[in-house]
A.B. asks: 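Have a look at this one before I ask anything.
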Amino acid sequence: MNKTKEDHQKTLVLLDTHALIHRAFHALPPLTSPAGEPVGAVYGVANVILKIIKEMQPDYIAAAFDRPEPTFRHKAYKEYKAQRAEAPDDLIRQFDTVRSLCEAFGIHIYDKAGYEADDIIGTLTARATKADSALHIVIASGDLDMLQLVEDDRVVVFTMRKGIADTIIYDEHAVQERF
């Protein structure tokens, strides 16, 4: 029996945009626009989004972004991410361009001062699973911390193994197999 659009399981894709930008930036060679602006991460994120749209045909897609303000974690623990190296200027310069890319795709953007994209994705996932028990949720991220949100095959994580083209989807079984 063929499923129609009305009776198929709806899919929501949540983009952990900050993690995808970092992954693309480090996976691809430095690319620049004709004006000399760095665009390697933008190119990589665009390819990931196009792959998701083509292969998953999601009904809904949203992007979560980090904001520059300190988060509640920084306020609770002054040394939070203190050991992390400063992000290169060529990476930072691409965040706004990726935001514009998401807007051009018609992707709804979520961000909130004091919270990271991870927090927003966790909240959206919790709310979506409560609001629609049949909704299939795909979290696209380069951050394996997102695996803690995996639930059976209902909430899965789409991530890159190598570069940006070699991808894997982690459902509960794949998480157990890996760890």
Side-chain angles (χ1 to χ4, degrees), residues 5-25 41-42 44-77 80-81 87 94-160 164 167-176 178-179:
K5 184 72 173 167
E6 292 80 35
D7 63 11
H8 89 286
Q9 183 180 29
K10 302 268 187 191
T11 299
L12 165 65
V13 171
L14 298 172
L15 303 172
D16 180 1
T17 315
H18 196 80
L20 294 174
I21 292 168
H22 274 273
R23 181 60 157 243
F25 180 81
V42 178
V45 171
N47 279 319
V48 169
I49 292 171
L50 290 170
K51 178 180 177 98
I52 288 168
I53 291 169
K54 181 181 178 186
E55 293 178 6
M56 297 179 196
Q57 300 179 353
D59 298 281
Y60 317 103
I61 188 167
F65 278 83
D66 287 348
R67 294 186 40 107
E69 301 89 358
T71 68
F72 67 91
R73 289 179 185 83
H74 292 98
K75 292 174 185 170
Y77 180 58
Y80 180 66
K81 293 190 179 182
Q94 296 182 66
F95 286 111
D96 287 340
T97 309
V98 171
R99 187 179 197 91
S100 296
L101 173 78
C102 288
E103 290 168 351
F105 271 115
I107 297 171
H108 189 81
I109 295 172
Y110 290 89
D111 65 5
K112 184 167 176 66
Y115 295 90
E116 294 179 353
D118 306 32
D119 304 313
I120 293 166
I121 289 172
T123 300
L124 291 173
T125 299
R127 287 183 179 177
T129 56
K130 286 180 185 162
D132 185 346
S133 62
L135 187 65
H136 177 65
I137 301 169
V138 178
I139 300 167
S141 179
D143 183 354
L144 292 184
D145 286 351
M146 288 295 177
L147 295 180
Q148 65 190 309
L149 297 174
V150 169
E151 180 186 317
D152 297 319
D153 63 351
R154 180 167 181 224
V155 178
V156 300
V157 172
F158 168 90
T159 192
M160 288 65 63
I164 61 166
T167 60
I168 183 171
I169 293 181
Y170 283 99
D171 60 8
E172 213 166 278
H173 176 75
V175 170
Q176 289 174 352
R178 165 119 191 219
F179 297 103

A.B. asks: I'd like to check I169 versus M56 (side-chain heavy atoms, cut-off strictly below 4.5 Å). Are they in contact?
C.D. replies: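 In contact.
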A.B. asks: If we ignore hydrogens and angles and just use 3.5 Å, is the side chain of D59 paired with the main-chain N or O of T11 as donor and acceptor?
C.D. replies: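 Yes; judged by distance alone, with no hydrogens or angles, the pair exists.
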A.B. asks: Can you tell me if N47 uses its side chain to pair, donor with acceptor, with the backbone of G44 under 3.5 Å?
C.D. replies: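 The answer is no, because no donor-acceptor pair under 3.5 Å joins these two groups.
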A.B. asks: So L135 and Y60, do their side chains get closer than 4.5 Å, heavy atoms only?
C.D. replies: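 Y60 reaches L135 side chain to side chain.
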A.B. asks: If every non-hydrogen atom of A140 is compared with every non-hydrogen atom of I52, which pair is closest and at what distance?
C.D. replies: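 Minimum heavy-atom contact is CB-CD1, 3.7 Å.
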A.B. asks: Kindly indicate whether the side chain of I49, heavy atoms from C-beta on, has any atom under 4.5 Å from the side chain of C102.
C.D. replies: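 Yes; the side chains approach each other to less than 4.5 Å.
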A.B. asks: What's the verdict on side chain to side chain contact (heavy atoms under 4.5 Å, CB included) for T17 and F95, showing C-alpha distance, side-chain angles and the deciding distance?
C.D. replies: CA-CA 9 Å; T17 315; F95 286 111; over 6 Å; no
A.B. asks: Going through the distances and angles, do M160 and L20 end up as a side chain to side chain contact (heavy atoms under 4.5 Å, CB included)?
C.D. replies: CA-CA 9 Å; M160 288 65 63; L20 294 174; 3.5 Å; yes
A.B. asks: Can you check whether H173's main-chain N or O pairs, donor with acceptor, with Q176's side chain at less than 3.5 Å?
C.D. replies: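 Checked: no pair found.
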A.B. asks: What I'd like to find out is whether the side chain of F179 reaches to under 4.5 Å of the side chain of L147, using heavy atoms alone.
C.D. replies: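 When only atoms from C-beta onward are counted, L147 and F179 do touch, with a gap below 4.5 Å.
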A.B. asks: Does any non-hydrogen side-chain atom of F105 lie less than 4.5 Å from one of I53?
C.D. replies: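 In short, these two side chains touch, coming nearer than 4.5 Å.
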A.B. asks: Nearest 0.5 Å, please: how far is CD1 in I137 from CZ in R154?
C.D. replies: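 Spacing of CZ (R154) from CD1 (I137) equals 5.5 Å.
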A.B. asks: Counting distance only, does the side-chain N/O of T167 pair as donor-acceptor with the main-chain N or O of T159 below 3.5 Å?
C.D. replies: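 Not at all, since once roles are kept as given, no pair shorter than 3.5 Å links the two residues.
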